[in-house]
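What follows is a set of notes on a single structure, which appears directly below.
This chain uses plain numbering: 1 for the first residue, then up along the sequence.
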Amino acid sequence: MIHPEHQRRAYLQAMGIDVWLPRDALEPDEPETVTSEKAAADCMDWDQLRQCISDCTRCELAQGRTQTVFGVGNQDADWMIIGEAPGAEEDRRGEPFVGRAGKMLDEMLRAIGQSRESVFIANTLKCRPPHNRDPKPAEAAACRDFLDRQIALVQPRIILAVGKIAAQNLTGSDEPVGKMRGYPHDLDGIPMVVTYHPAYLLRSPSQKRKSWSDLCLATRLMSEAGA
Ligand code: URA
């Protein structure tokens, strides 16, 4: 539960409005920046969130990006797909999963009767890590409020976490995908299925069979929930 005063201050700060407070209004141990950044994200609408992400300088990736990659698709989607981070092509075009891995993701979506337009696709990170290296834990942590707010706004009925980075960040586990896939997870009340990243499936096509069974699991969870 966010304190209403924190929320008000955070909201004003997010809007670029200076908040002046008497010195004794702050509690001595209050982690002001972290609290207010999270509270700010937690009360943003789509436009505010989009703007806040595009202005973000929370981590060093801001310096190397061409642009942030917000996410695409249906803002009221039943399905939310969460990947890792933009690559070179995504950084250039400002859209997630537009390279070869994106084509593979499109095929996975088609297999379950979905499309880029019917689902919402987001990444754990909104900026491209240099040389396509793995995101650092601090970068994922800095970006987490944004992803949490996207999930809260979409209110998906199911989340598909594709690849290690998304799965580990969302579950808080450090297990490999092979151990996290094949059974349902619960993300604050939303069922979540973990599967292999489409880029990995391109490199290891023999794993497509397992990924297909993960997609079937996700579809089954959706129908059990009455969607
Ligand atoms: N891989 C991802 O995880 N996300 C993208 O947007 C592109 C490739």
Honestly curious: do [X] and [Y] fall in one hydrophobic cluster under the side-chain, below-4.5 Å linking rule?
X      : Y      : result
Ile82  : Leu125 : no
Val69  : Val72  : no
Val194 : Ile165 : no

Under 3.5 Å, is there a donor on one side chain and an acceptor on the other for [X] and [Y]?
X      : Y      : result
Asn169 : Thr124 : no
Thr68  : Ser54  : no
Asp55  : Gln51  : yes

Would you say that [X] contacts [Y] through its side chain, given a criterion of any heavy-atom pair below 4.5 Å between the two side chains?
X      : Y      : answer
Ile151 : Leu187 : yes
Thr219 : Leu217 : no
Ile53  : Cys143 : no
Tyr200 : Val177 : no
Cys52  : Met44  : yes
Arg181 : Ser213 : yes
Ser173 : Met180 : yes
His197 : Leu201 : no

remark   = Between the CD1 atom in Ile121 and the CE atom in Met80, the distance rounded to the nearest 0.5 Å is 10.0 Å
note = Taken to the nearest 0.5 Å, the spacing of Arg92 CZ from Arg128 CZ works out to 8.0 Å
query = Do any pairs count as a ring pair (Phe, Tyr, Trp, His ring centres under 6.0 Å) and have a residue in residues 116-165, sequence neighbours left out, and if so which ones?
reply = Trp46-Phe120
task = Among Val193, Thr171, Ile190, find the one that has a side-chain contact (heavy atoms from CB on, under 4.5 Å) with His185.
result =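 Going through the options one by one, the only one that passes is Thr171.
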remark   = When Ile158, Leu153, Leu160, Val154 are each screened for side-chain contact (heavy atoms from CB on, under 4.5 Å) with Pro156, the one that passes is Val154
key: Asp134 to Glu84 - nearest heavy-atom pair and separation   =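 Here Asp134 and Glu84 meet closest at OD1-OE2, 3.9 Å.
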request  = For side chain to side chain contact (heavy atoms under 4.5 Å, CB included), just list the numbers for Met108 and Leu215, CA-CA rounded to whole Å, side-chain angles, deciding distance to a tenth of an Å, and then say yes or no.
outcome  = CA-CA 8 Å; Met108 292 163 75; Leu215 294 175; 4.0 Å; yes
task = Return yes if some donor-acceptor pair links the side-chain N/O of Gln150 with the main-chain N/O of Phe70 below 3.5 Å, else return no.
result = yes
request  = Kindly indicate, with the supporting measurements, whether the criterion side chain to side chain contact (heavy atoms under 4.5 Å, CB included) is fulfilled by Glu175 and Lys164.
outcome  = CA-CA 8 Å; Glu175 287 191 315; Lys164 177 185 82 169; over 6 Å; no
task = Taking atom CG of Asp188 as the centre, report whether more than 12 heavy atoms of other residues, nucleotides or ligands fall under 6.0 Å from it.
result = no
Residues 100-107, side-chain donor-acceptor partners within the protein, below 3.5 Å, at least two apart:
{"from": "Asp106", "atom 1": "OD1", "to": "Arg116", "atom 2": "NH1", "distance (Å)": "3.1"}

